[in-house]
Amino acid sequence: MSFAALWESLLPIGRDGPSGGYRRFSWTPEDAACRAWFTRSAAERDLRVLTDNNGNLWAWWDPPGRAPGPAGTGAVVTGSHLDSVPDGGAFDGPLGVVSAFAAVDLLRERGCLPVRPLGIAAFTEEEGARFGVACLGSRLLAGAIDPAAARALADAAGVTLAEAMAAAGHDPDRIGPDDDLLAAVGAYVELHVEQGRALADLGAAVAIGEQIWPHGRWRLDFTGRPDHAGTATLADRRDPMLPFAAAVLAARQAAASHGALATVGKVTAEPGAVNAVSARVSAWLDARGPDEQTLQAVVGQVLAAAREAAAGHGVELAAGPESVTPAVVFDPGLRERLASSLAGQGIEAPVLPTGAGHDAGVLAARVPAAMLFVRNPTGVSHSPAEHAEPADCAAGVRALATVLEDLACR
Ligand SMILES: [Zn+2]
């Protein structure tokens with residue numbers, strides 16, 4: 001089957017020896033190798049490849065007898081991304097791109113010909129691992145981020161997006177919304193490894209995405225008074241670490257009591273001395289919930305607990321959102337269409353929400369978008385342990401081909 005060969009050919013690119021995880025960051029040599037793999041895979045299938053102004057890759061299967069190009073309306077696009085988080089897994093992103101090529105092969109085996117353009121897309125910097133903004137390529141395409149602000153984004157070494165793109169041979173002055181390209185797209189269907197274990201519990205190989213939970217990031221700065229760990233009495237201290245700790249525990253409790261998720265995965269302490277009371281502790285809260293009301297309730301509870309604890313320790317607290325993304329409900333009509341075409345082929349596919357962001361969520365603001373999820377036995381993602389069984393990957397390809405056949409070939 002073409003899936004296995006494609007998968008094997010992509011697997012070595014950007015794999016880090018010691019961790020076994022992936023480091024495929026945008027506009028690096030590993031990224032260039034992923035792009036070359038995409039171009040080669042498209043060329044092997046006689047698909048027409050282009051890189052858009054924002055560095056996203058597109059491979060087009062043009063309908064016979066139609067003028068080439070996505071300029072006809074109603075193009076059907078599938079795909080995902082090839083970049084990774086630091087030490088990420090093999091499946092998050094690449095599964096959707098590899099499955100897209102394999103689905104094209106399966107459609108051809110079935111003798112299907114598209115009557116509207118069928119595209120495969122690989123969006124750049126989806127994870128935001130290098131420049132800090134998730135779904136950067138699709139955000140630029142959709143006009144959801146200011147191009148000048150994007151150009152100025154810098155990586156950990158201080159290299160800006162503009163500099164990195166230029167070094168890779170792409171003109172950063174051309175980034176920004178592409179309304180003509182989006183206007184040609186009638187539907188976007190993204191297949192993705194499930195980031196959770198709902199399908200394992202349901203005993204199904206694939207699911208249809210219902211919505212992406214609203215989510216956001218809040219920054220909390222606790223400012224106390226730096227002091228000597230060996231001489232300052234406990235009563236005299238204004239230690240910002242203590243209300244910070246209370247806030248972390250409150251986040252866990254608030255999430256649990258609301259059926260939501262809250263995580264403090266990043267924290268800095270200044271000056272960071274072992275033998276000193278900190279001057280300042282900065283923490284980032286990531287919170288996600290099934291609806292906006294729940295999300296606000298969780299965050300409100302955490303911030304209230306943080307404020308109370310800060311006051312109790314004589315510590316100043318400055319807290320506020322860094323980014324908040326509202327819920328994305330995928331196009332109900334397209335979702336129904338996926339459900340009925342899968343049901344028509346006897347493919348069981350429950351409908352699931354997700355707490356993870358995706359390019360499909362960004363694009364949903366501009367084009368009808370939908371998602372398919374493939375079972376992940378442990379639910380672990382953003383880790384080398386991320387996995388999908390070969391049989392489930394094959395089921396994903398069949399489901400995607402079924403959906404694409406219905407949308408693009410009839
Ligand atoms: Zn992803």
Side-chain angles (χ1 to χ4, degrees), residues 1-7 10 38 41-42 45 47 57-61 75-82 90-123 126 185-195 199 204-210 330-331 334-352 354 358-360 363-364 367-376 388-410:
M1 183 189 169
S2 64
F3 179 90
L6 274 163
W7 188 252
L10 179 60
F38 183 96
S41 303
R45 289 164 177 79
L47 306 177
L57 293 164
W58 302 75
W60 289 104
W61 183 5
V76 176
V77 178
T78 185
S80 192
H81 61 95
L82 294 173
F91 293 81
D92 178 352
L95 184 64
V97 181
V98 170
S99 296
F101 283 118
V104 163
D105 293 345
L106 191 52
L107 289 177
R108 285 175 171 166
E109 275 171 37
R110 291 177 183 174
C112 302
L113 282 176
V115 294
R116 47 192 72 83
L118 176 55
I120 298 174
F123 292 100
E126 192 273 346
V185 178
Y188 176 67
V189 181
E190 179 167 354
L191 179 147
H192 204 278
V193 69
E194 189 193 3
Q195 294 168 298
L199 277 173
V206 293
I208 296 170
E210 179 201 35
F330 290 117
D331 187 85
L334 184 57
R335 202 170 69 214
E336 279 307 305
R337 182 104 180 242
L338 263 59
S340 65
S341 57
L342 292 180
Q345 291 299 312
I347 299 171
E348 183 207 350
V351 176
L352 293 179
T354 179
H358 297 285
D359 293 310
L363 295 174
V367 303
M371 289 195 76
L372 292 171
F373 297 119
V374 172
R375 174 164 50 192
N376 175 346
E389 292 294 335
D392 288 349
C393 294
V397 172
R398 279 196 300 276
L400 182 61
T402 298
V403 164
L404 296 176
E405 182 179 348
D406 179 34
L407 293 171
C409 305
R410 284 179 192 151

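Note that the numbering runs from 1 along the sequence shown for the chain.
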Legend entry - Note, Gln345 side chain near Arg398 side chain (heavy atom, < 4.5 Å): no
Legend entry - CZ on Phe91 to CG on Asn376, rounded to 0.5 Å: 8.5 Å
Inset, instruction - Go through the steps for Glu194 and Val206 under the test side chain to side chain contact (heavy atoms under 4.5 Å, CB included), then give the verdict. - result: CA-CA 9 Å; Glu194 189 193 3; Val206 293; over 6 Å; no
Legend entry - Nearest-0.5 Å distance, CZ of residue Phe123 to CG of residue Leu363: 4.5 Å
Inset, instruction - Mind listing the closest non-hydrogen atom pair of Asp92 and His81 along with its distance? - result: OD1-NE2, 3.1 Å
Inset, instruction - Applying side chain to side chain donor-acceptor pair (under 3.5 Å), name anything that partners Trp61, two or more places apart in sequence or on another chain. - result: none
Inset, instruction - Work out which heavy atom in Phe101 is nearest to a heavy atom in Ile120; give both atom names and the distance. - result: CD2-CD1, 3.5 Å
Inset, instruction - Would you name the heavy atoms of Ala103 and Val397 that are closest together and state the gap between them? - result: N-CG1, 3.8 Å
Legend entry - From CG (Leu338) to CG (Leu407), nearest 0.5 Å: 6.5 Å
Legend entry - Nearest-0.5 Å distance, CZ of residue Phe3 to CG of residue Leu95: 5.0 Å
Legend entry - Minimal non-hydrogen separation, Phe373 against Leu199, with atom names: O-CD1, 3.7 Å
Legend entry - Any Val76 side-chain heavy atom under 4.5 Å of Pro114 side chain: no
Inset, instruction - Verify, without hydrogens or angle tests, whether Ser80 (side chain) and Glu190 (backbone) share a donor-acceptor contact under 3.5 angstrom. - result: no
Legend entry - Leu372 and Leu342, any side-chain heavy atoms less than 4.5 Å apart: yes
Legend entry - For Ala370 against Ala360, the heavy-atom pair lying closest together: O-CB, 4.3 Å
Inset, instruction - Calculate, to the nearest 0.5 Å, the distance between atoms CG and CG belonging to Leu113 and Leu118 respectively. - result: 11.0 Å
Legend entry - Contact check, side chains of Leu10 and Leu82, non-hydrogen atoms, under 4.5 Å: yes
Legend entry - Heavy-atom check, side chain of Glu389 versus side chain of Arg375, under 4.5 Å: no
Legend entry - Heavy-atom pair of closest approach, residues Thr402 and Ser341: CG2-O, 3.5 Å
Legend entry - Separation of Leu106 CG from Arg108 CZ (nearest 0.5 Å): 12.0 Å
Inset, instruction - Before giving the answer on side chain to side chain contact (heavy atoms under 4.5 Å, CB included), spell out for Val77 and Val367 the whole-Å C-alpha distance, their side-chain angles and the decisive distance to 0.1 Å. - result: CA-CA 10 Å; Val77 178; Val367 303; over 6 Å; no
